[in-house]
Novice: 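Please read through the structure below; I'll follow up with questions.
Protein chains get the first letters and strands the later ones, always in sequence-line order, with residue 1 at the start of each.
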Amino acid sequence: MADNVRVRFAPSPTGLLHIGGLRTALYNYLFARRHGGTFVLRIEDTDRSRYVEEAEADILDSLAWAGLDFDEGPEKGGPHAPYYQSERGDLYKRYVDQLIASGDAYYAFDTPAEIDAMRERLKTPDNPTPTYDASTRMEMANALTLDAVEVQRRLDAGDEFVVRLKVPRGRSARFEDLVRGWVSFDTSEVDDQVLLKSDGMPTYHLANVVDDHTMDITHVIRGEEWLPSVPKHLLLYEFLGWEPPAMAHLPLILSPTGGKLSKRNADKMGIPVSVKDYREEGYEPEALVNFLAFLGWNPGDERELFSLDELVEAYSVERTAHSGAQFDLDKLQWINGQHLRALPMSEIAERAREAVEARVGPVETGQLEAAVGLMRERLTFARDLADAAYLFEDPTDFEEAGVQKRWKDDSAHLVRLYADRLEADVAFTVESTEAVMRQLAEDEGAGFGRIIHPVRLATTGVTVGAGMFETLVVLGRDATIRRLRRAADVLG
RNA sequence: GCCGCGUUCGUCUAGGGGUUUAGGACGCCGCCCUUUCACGGCGGUAACACGGGUUCAAAUCCCGUACGCGGUACCA
């Protein structure tokens, strides 16, 4: 592998960055880091009609959140600035002129309505979508059908025009995709792609090729939806006299049912699609990254839990899967729990703080960490800690089903007795509180379960949670006794 | 329609001619641990789309069919 690897992630600021985009960015990042190369971020903002103001900030925030730092790009700058296509107009113009001069591109004056009319006229059941190409261009209004004087007259008059690529017929365009191997197309299938739009902006195809070349991009790693446009790009590289970069087309991420993972589609299934949603729902960035990396790739052995650095270490494009991968929220959540638990206690505490405080008000760090120590194995999300609000404040009510099942006629009595004995338990440790309860059970001739379940209910309000005595110790003796007595009063 | 790319358990996938009674993970089920719920451990469920070929031998190679996805824009 060349040691001057340069890859880029080139999103369009048309909305919130979605997980498919993040995975593309991730693979590019991994490839760059794996080969000691450079990761470039380029904003492809050539479509003014779809431009969304907040999108760029969201892209930057999302990448930063995921830990995918880039080496060149917006705000950061770099030797190939600017990194916004909207600011690289002169460059595109120069190469468009070159293509026109060499006869590989031509001016076209057809209005959208005229093109639609052509499609309508030529449409047949066998060919429902006629294109502007070698078979139709000679009946349109362009520099190939109009004489030079007329073309110049229209240009001078300020008529709207586009510049189209003059695609040759019957040539084979082939290339070796890094993940799929040899792929070939017949150029007869490709249309005379617009290169320069009537608003003066380049289309994706032109801008992409010009930028990838001028930014010295060595490897293009992007979604499979771009595979069909490779022949256009190959032709452009050839006409411009440039060497095309290596290319890798990644399989798509599919919805849980195998369809397209569109926003609408995903919403219906309760699957978030933008990175921002995952962030807001409390997914750990390490987990999302790990999960996304495995949607279409694996290291070839049986390891599954990876940090970003470990992914860098193990990554290779060649191991990319060839088929689309369905999104599986269950697995993501499992991975989230795994990553969460692997974090240091204090880090989990900080990640849980917001949710906990939203529920019970300000909490001291020591208290928060004690709670994490108790609940860690039970957390899928850091925010789940807030479900154990009883660790921070006395329960206000008692789980109905739990009371039905666990609170017996003698429960209030036993709970009061336990509270009384705890008064004398100076140590108040896991061992001592348990010993006190066992002794009580023996003295009262009651089963251990006859006491512990009501005690749990009385002190936490619920029937599930961490070890009972560990929990009591975290609550402290005063709170424990207070809660026991109050519950005995309330539940009778 | 045409072009392209795909197709191994429900899902993510390993495996790329004999090592395979097709392996792992999530999910699901059962058991163990246990005061509960988790965690963890153990076990179970479950797949090579179909049809032809090539070969002594095919999940693995070739062809076809079916199905899925992508593309077919002055969107990216």
Novice: May I ask which nucleotide in the shown strands pairs with rU7(B), Watson-Crick or G-U wobble, both distances under 3.5 Å?
Specialist: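 Matched rU7(B) with rA66(B) under the 3.5 Å cut-off.
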Novice: With the threshold set at under 4.0 Å for non-hydrogen atoms, list the residues of residues 451-466 of chain A touching RNA chain B in residue-number order.
Specialist: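 Listed by number, they are I452(A), H453(A), R456(A), T463(A), V464(A), G465(A), A466(A).
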Novice: Got a sec? Which of residues 407-419 of chain A come in under 4.0 Å of RNA chain B, heavy atoms?
Specialist: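 RNA chain B contact set from residues 407-419 of chain A: none.
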Novice: Classify the nucleic acid contact of R376(A) as base, sugar-phosphate or nothing, counting any heavy atom under 4.0 Å across all strands shown.
Specialist: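 Result for R376(A) = nothing.
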Novice: Please classify the nucleic acid contact of Y204(A) as base, sugar-phosphate, or nothing, using heavy-atom distances under 4.0 Å.
Specialist: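 Base, at least one base heavy atom under 4.0 Å.
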Novice: Can you confirm whether the side chains of Y204(A) and D47(A) place a donor and an acceptor under 3.5 Å from each other?
Specialist: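 Side-chain D/A pair, Y204(A) to D47(A): absent.
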Novice: Is the closest basic N to carboxylate O distance between R169(A) and D133(A) below 4.0 Å?
Specialist: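 Salt bridge flag = no for D133(A) with R169(A).
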Novice: Under the side chain to side chain contact (heavy atoms under 4.5 Å, CB included) test against R222(A), which residue among N208(A), N28(A), V7(A) passes?
Specialist: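 Exactly one candidate clears the test, N208(A).
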Novice: So what does S198(A) hit on the nucleic acid, given a heavy-atom distance under 4.0 Å: a base, only sugar-phosphate, or nothing?
Specialist: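 Contact class for S198(A): base.
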Novice: Using Watson-Crick or G-U wobble geometry with both distances below 3.5 Å, tell me the partner of rC74(B), or none.
Specialist: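 Checking every strand shown, rC74(B) finds no partner, since no pair has both distances under 3.5 Å.
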Novice: Using a cut-off of 4.0 Å on non-hydrogen atoms, how would the nucleic acid contact of P128(A) be classed: base, sugar-phosphate, or nothing?
Specialist: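 P128(A): base contact, heavy atoms under 4.0 Å.
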Novice: Mind checking who rU21(B) pairs with, Watson-Crick or G-U wobble, both distances under 3.5 Å?
Specialist: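 Its partner: none found.
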Novice: Tell me what E399(A) touches on the nucleic acid: a base, only sugar-phosphate, or nothing, going by heavy atoms under 4.0 Å.
Specialist: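 If one applies the 4.0 Å heavy-atom cut-off, E399(A) turns out to touch nothing in the nucleic acid.
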Novice: With distance as the sole criterion, is a donor-acceptor pair present between the side chains of D126(A) and T124(A) under 3.5 Å?
Specialist: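 Distance-only check fails for D126(A) and T124(A).
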Novice: Just to be sure I understand the rule, does T46(A) reach a base, reach only the sugar-phosphate, or reach nothing, if contact means heavy atoms closer than 4.0 Å?
Specialist: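 The residue T46(A) makes sugar-phosphate contact but no base contact.
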Novice: Tell me whether D211(A) is salt-bridged to R88(A), with the criterion being a basic N under 4.0 Å from an acidic carboxylate O.
Specialist: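 Between R88(A) and D211(A) there is a salt bridge, with a charged N closer than 4.0 Å to a carboxylate O.
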Novice: What does R50(A) touch in the nucleic acid at a heavy-atom separation under 4.0 angstrom: a base, only the sugar-phosphate, or nothing?
Specialist: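 Here R50(A) touches the bases of the nucleic acid.
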Novice: What nucleic acid atoms does R450(A) come within less than 4.0 Å of, heavy atoms only: base, sugar-phosphate, or nothing?
Specialist: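 Nothing, no nucleic acid heavy atom in range.
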Novice: What does S184(A) touch in the nucleic acid at a heavy-atom separation under 4.0 angstrom: a base, only the sugar-phosphate, or nothing?
Specialist: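 Sugar-phosphate contact only - S184(A) comes under 4.0 Å of backbone atoms but never of a base.
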Novice: Let's test your reading of the model: under 3.5 Å, does the base of rC37(B) pair with the side chain of R378(A) as donor and acceptor?
Specialist: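 By the distance-only test, yes, there is a pair.
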Novice: Tell me if the CD atom of Q439(A) is crowded by more than 12 foreign heavy atoms within 6.0 Å.
Specialist: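 Yes, the 6.0 Å shell around CD holds more than 12 heavy atoms from other groups.
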Novice: Under 4.0 Å between any heavy atoms, over every strand shown, what does D110(A) touch: base, sugar-phosphate, or nothing? Just pick one.
Specialist: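 Base, at least one base atom sits under 4.0 Å.
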Novice: Remember a base hit wins even if backbone is also touched, and classify R119(A) as base, sugar-phosphate or nothing at under 4.0 Å, heavy atoms.
Specialist: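 Sugar-phosphate, backbone atoms only, no base.
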Novice: G296(A) near the nucleic acid: base, sugar-phosphate alone, or nothing, with a heavy-atom cut-off under 4.0 Å?
Specialist: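 Sugar-phosphate, no base atom in range.
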Novice: Would you please confirm or rule out a distance under 4.0 Å between OP1 or OP2 of rA14(B) and any side-chain N or O of N298(A)?
Specialist: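 For N298(A), the contact criterion (side-chain N or O under 4.0 Å from OP1 or OP2 of rA14(B)) is met.
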Novice: Please check if any side-chain donor atom of N298(A) sits under 3.5 Å from a side-chain acceptor atom of R319(A), or the reverse.
Specialist: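 Yes, a side-chain donor-acceptor pair sits under 3.5 Å.
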Novice: With sugar-phosphate meaning primed atoms plus P, OP1 and OP2, does V194(A) contact a base, only sugar-phosphate, or nothing at under 4.0 Å between heavy atoms?
Specialist: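 The residue V194(A) makes sugar-phosphate contact but no base contact.
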